[in-house]
Structures are given as structure tokens and as C-alpha cells.
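This report refers to the structure that appears directly beneath it.
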Amino acid sequence: MNIVVCIKQVPGTTDIKIDPETNTLVREGVESIVNPFDAYALEEGVRLKERCGGKVTAISMGPPQAEQALRETISLGADEAILLSDRAFAGSDTWATSYVLSKAISKIADYDVIICGRQTLDGDTGQVGPELAEMLEIPFVAYVSKIEEITEGYMKVQRMVEEGYEVIEMPLPAVITVVKEINVPRLPSIRGTMKSKTAEVPVWTAEDIGVDANKAGIAGSPTRVVKIFFPQRTHKSEMLQGNLEEQIDQLLEKLEEII
Amino acid sequence: MEYFLTEQQELIRSLARRVAEERILPLRAELDEKEEFPWAIMKDLADADLFRIFIPEKYDGLGEGVFTLCLAVEELSRACSGVAVTYASNALGAMPILLYGSDEQKQKYLPNIASGARLTAFGLTEPTAGSDAGGIRTTAIRDGDEYILNGTKHFITNGGEAEIYTVIALTDPSRGSRGASAFIVEKGTPGFTFGKKEKKMGIRTSATRELVFHNCHVPKENLLGREGSGFIVTMRTLDSTRPGVGAVAVGLAQGALEAAVAYAQQREQFGHPVSAIQAVQHMLANMAMELEAARALVYATAKTIDSGAKNISEIGAMAKVFATDMAMKVTTDAVQVFGGPGYMRDYPVEKMMRDAKINQIYEGTNQVLRNVIALELLKRKALRD
């Protein structure tokens, strides 16, 4: 069973600051951690390996310092870690990120399950998992809370829904995103940590994985962040007057004012 | 204090601290209250490789010694000495195999002990044999390719939970302590059952139980060392593990001191925190001084044992007695600094004080160990004269 776990390095704080000029997160001086939801994904990957044999490969697209997060995955049980890093990837939105990840996973070629966290702490979109499955043209299930069965080419999982869960069967390879209910991640091991210090973490560039520069980075990102701001906490409410049509017009006007 | 730890020792200490703070602390009060064995924490310790520390690399361990084990024990004990004792007793049960096991025995048992898959326990104490270890009555009579064990061990830490037991029994009852031998007995062996589970004052998450042998057939391959060497096995085992008890005491006192310092700064009386009162400051200062002295003695003893020194009974006893008397005093003073709230179970120091007491009693009472120290002093003087 070859398991690929996608991880992201995120700021390890809820006290975030936004650069008003660039509309991006201020990352300087903020400690970086492995996205907490990805820790559940990694743990589930390691447990699958312990259950069925095989290996766990952690991958991450990010700046060179994301190597630290990948080393951490080795201390937590990943066998290999690959960093996808290239100036051409900078500024990627979820679509471009998924494209880069899909190219790297295509290069890995031999995989059965791809596991991602349900969302990241910083971006919070939860889009990369499903986009990645779409680009690889393989099945996808979100919010997995338990892997019930897994054999060669087949998997049965529980997916959390608002009230209870659904049981879903799917052929492999497939992509799943996991919720925190799925496990309690282990702490790093001594042997894993020693190994993580010396392990080689290869860096794959755009050229290595055949990424079309126009589809990655800012050039390949259809998302435009117009404005990021902290919501004003006010308790003002306003009742719209008039008939339904008029109320809709007023509402649209107000929405346009905001953006 | 700088103890010049290696990179691996630093790592082991920091991981033990993480397990203690992230996994033990949230469960500490509940485990104590319910007297529940800490299985979930044993799993965390296994996942973190902390059972591998003192096992040689050849048997899937990390090849570290008593000193490194003490570092881990201390960190666990800082959070909960009941968990620390459970962990340290596993080392105690494994030590006879490590010291006297044949290569086959080591090959068979040590890798599973290293991975944490199987816990161990050491079975010496009997109702008639406490400080007087020569008073054991359990027999192991040779019968063809087997030994047949009969008798009862009591107060056995990890009893009932461990899977591998190293048990001391008389193979030749006519020779008294010289007729004792050490055996490996596995849980599930017919004729081996568990008796009374003790209800204790402290270290209540740890299991303390009777081992009952009734015509229990043990294959002769499970004899450790040779027949009649049971007491040498016991003494060398206990000599090597006494710094571990010292480390439990040091960690426990460290936890109590930290709690007392934090509380003293927060508790207000007479319009200022009680930490501003010199009487309280002096108590804290004494606690800190005695703790540092005990830590230095425990570390130095552990390192001496790791160096392969031969006569370690005296220093092992010193480290154990000094550190455990210190922990009793420091935890008692921590309750005093807390005042009334310290006596309540809402705060951790009453548990620490309850936990401290046993350390002065088990693995050689502090009285019998003073005898050991004095005997060595007198012997040396006699040899010089």
C-alpha cells in the first residue's frame, strides 16, 4: 500500500496579521507548524502502513523552509518526504496548488491512497483535496472519520455528515480528506526524530515534474483576493423595507458597497 | 545545572517531557481517582520509543544506559509519579534479563520489551520477605525439563498488567538465600494467576498485585543465570535500578516545587502574594537546594553505574535514600506553601505528597539501605586496618 500524504506548513498561531498592501498573511516572526488537520492525515497514513504494509510519502508545495515541516513528518512515521519548491509556484491559489501537487503525484506514479487534511489553518478553503482528485481523475471523499476496510484496489470509509455519518465504498487509487475525529496523532518517536535529522528531502522543481509555468503560481491562479480584513464586530441590524424585489435590489446595492 | 547531555539524551528528555505534558497531565487526576492502569500512556511511551532507551541496539533498543533512563523517568514523574513508577518498574523487570539472560533469552524477550509490546514486572517481595529478602518461601523444584513453582508474591508493581515476569524462587530451600534462582515466567502460563489488587495511598494509577503460583510449570530454558544465583541477580538488579527510584523522587519534587512557586505568586494574603513573605521564600529556597543536590547525586550515581563500576551498592543506596527523603520533605513543604487548598484534591500537591511516601519504602526501605551504606563504610575501615 503506497500512501501519499499532502501537508502544508502554516503559521502556528491564531494571532494573525495581514499585510494591507499585498493582502497576504504576514509570516515573518511567526512560528511555523504542520497544518494541524494534516497531522491527522499523516497519522492515518502511518496507521494504514502499520496495518497493511507499504510506505508513506509526505509531499508539500512551499518555500524552501517548508523542508522543516517535511522533516517533522519523518519523525512522525513518514518514510519519505518530497518538497515541491520553485519560484514558478509562488502565489499559487488552491487550483494552481492542486495542479502542482497532481503533477508531482503523477511522477510518484505508484500510489494507492492520497490523504489530505480537510482544510488548512490559514487558507481554510478545503479545496485542494477535491481539486487534486479531479485533476488526477480518481475518486474523492471528504470529511472521512474512519477507514473501515482497505484492500488492494478497494476502500470503505465513513464520511462525517451533519447528523451521523455515511459509509462509502470506492475503488483505489483515491483521494480522501480527513477530519480530526479520525485519530489521535502520535508524538514524534526518538528513532524517527534521529532519522529526520539526516534524511534526504529531495526538492522537485517545476521542470522536474513537468509543470507548465502558465498553470502554476500567480499566472495559473484564477482566484483574485480583492481584500482581506478583520470583520468589524458590530451589532447593528437593519430591516430592509419594501416588497421582495425592492429588498433584493437594496441588498445587492449593500453587497456592492462592501466589495 | 549543566549536565552535558548528548544530542540523543536531549532528544529523549524533551520527548519524555512532551509525553508528560501533553498526554499524562490531562489524565493525572482521573487516573489517580479511578486507580486505573495508564494503558493509553503506555502506548504513547511505546510510540515515542521510550521503552527502547536502555535496551542494547542489538535487541532493537537505543543502547543508552541507566543515566538516560533516569532522565526519562524524571520527566514522567514531574507530571505523575504513578506513571513514572509503572514505566520504571518495567525496566526493573527487564533488568535481570539484560544482566543475566542468555543470548536466546535476550533475543526472545528484549525486542518486545523495547517496542513496548510487552510490559514486564519483577517478583521478589513476599509476605514473609520484605527488607529481609532471605525470607522468601516460593519454591521452584526441578522436575525433568521443567521447574514447578509454588508460592505467592505480593506488592508486585505492574502485577496482572505485565506479560513478562522475572521471579525469584527457591530451587533448593535447604540452602536458604543461596538456594534462590531467577526465572522468566510469562503471563498465561498454567498455574500462574493473580491475586489481590492492592488499594494504595499513592501512585494509584500503578498496579500492585499478588502473583500466585500453584504447580506452575516453567520450562528450564527460563532459568536466568544458573541455579542458586537468584540473590546475586536480585542484588545486582536492584543496585542498577535504585537511581531510577531516585529519579522518580527528583521528578516528583520538581513538579511539587514548580507548583508551589506558581501558587505562592498567585495566592494573596495580607494584601500581597505569599511569595513576598520571607518564611515562604526560605521554604522554597530550601526545597530548591535539596532538590538540586539530590538530582546531582542521582545523575552522578547513574553515570557511575553506566561506567561499569563494580561496587555500586553503597552509592545506589545513597542516591535512593537521599532523593526519596528529599522528595517526602519537598512535597510536604509544597502542601504547606499551598496552605488549606494544598490539602484539597483540586490541586496536585496532596497527590504528590501521597505519592512520595512509597519511595522511602520500596526497593529497599530507607532504613535497610542505611544499613547497606554503613556496612560498606565499616567494611572499608576494617579492610584498611
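Every chain is numbered from 1, with letters handed out A, B, ... down the list of sequences.
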Problem - Residue A/Tyr143 excluded, over 12 heavy atoms near OH under 6.0 Å - result: no

Practice task
Rounded to the nearest 0.5 Å, what's the gap from CD on B/Glu7 to CE on A/Met194? Could you check?
Solution key: 5.0 Å

Handout entry: Enclosure of B/Lys303 NZ (heavy-atom neighbours >12, cutoff 6.0 Å)
Key = yes

Handout entry: Atom CD of A/Glu163 with >12 non-hydrogen neighbours under 6.0 angstrom
Key = no

Practice task
Step through the shown structure and confirm whether more than 12 heavy atoms of other residues, nucleotides or ligands are within 6.0 Å of CZ on A/Arg51.
Solution key: yes

Exercise for the section: With rounding to the nearest 0.5 Å, note down the distance linking CZ in B/Arg17 to CG in A/Leu187. Expected result: 14.5 Å

Practice task
Let me know if B/Leu50 has heavy atoms under 4.5 Å from chain A in its side chain, its backbone, both or neither.
Solution key: both

Problem - Option in B/Gln8, B/Glu22, B/Arg23 with maximal non-hydrogen atom pairs under 4.5 Å from chain A - result: B/Arg23

Handout entry: Non-hydrogen side-chain atoms of B/Arg18 and A/Pro188 separated by less than 4.5 Å
Key = yes

Handout entry: Interatomic distance, B/Leu11 atom CG to A/Ser75 atom OG [nearest 0.5 angstrom]
Key = 9.0 Å

Exercise for the section: Side chain from CB out, backbone as N, CA, C, O: work out which of these in B/Asp47 comes under 4.5 Å of a heavy atom of chain A, or both, or neither. Expected result: both

Exercise for the section: Determine whether more than 12 heavy atoms belonging to other residues, nucleotides or ligands lie under 6.0 Å from atom CZ of A/Phe140. Expected result: yes

Problem - Donor-acceptor contact below 3.5 Å, side chain B/Asp49 vs main chain A/Arg191 - result: yes

Handout entry: A/Lys55, NZ: over 12 other non-hydrogen atoms inside 6.0 angstrom
Key = no

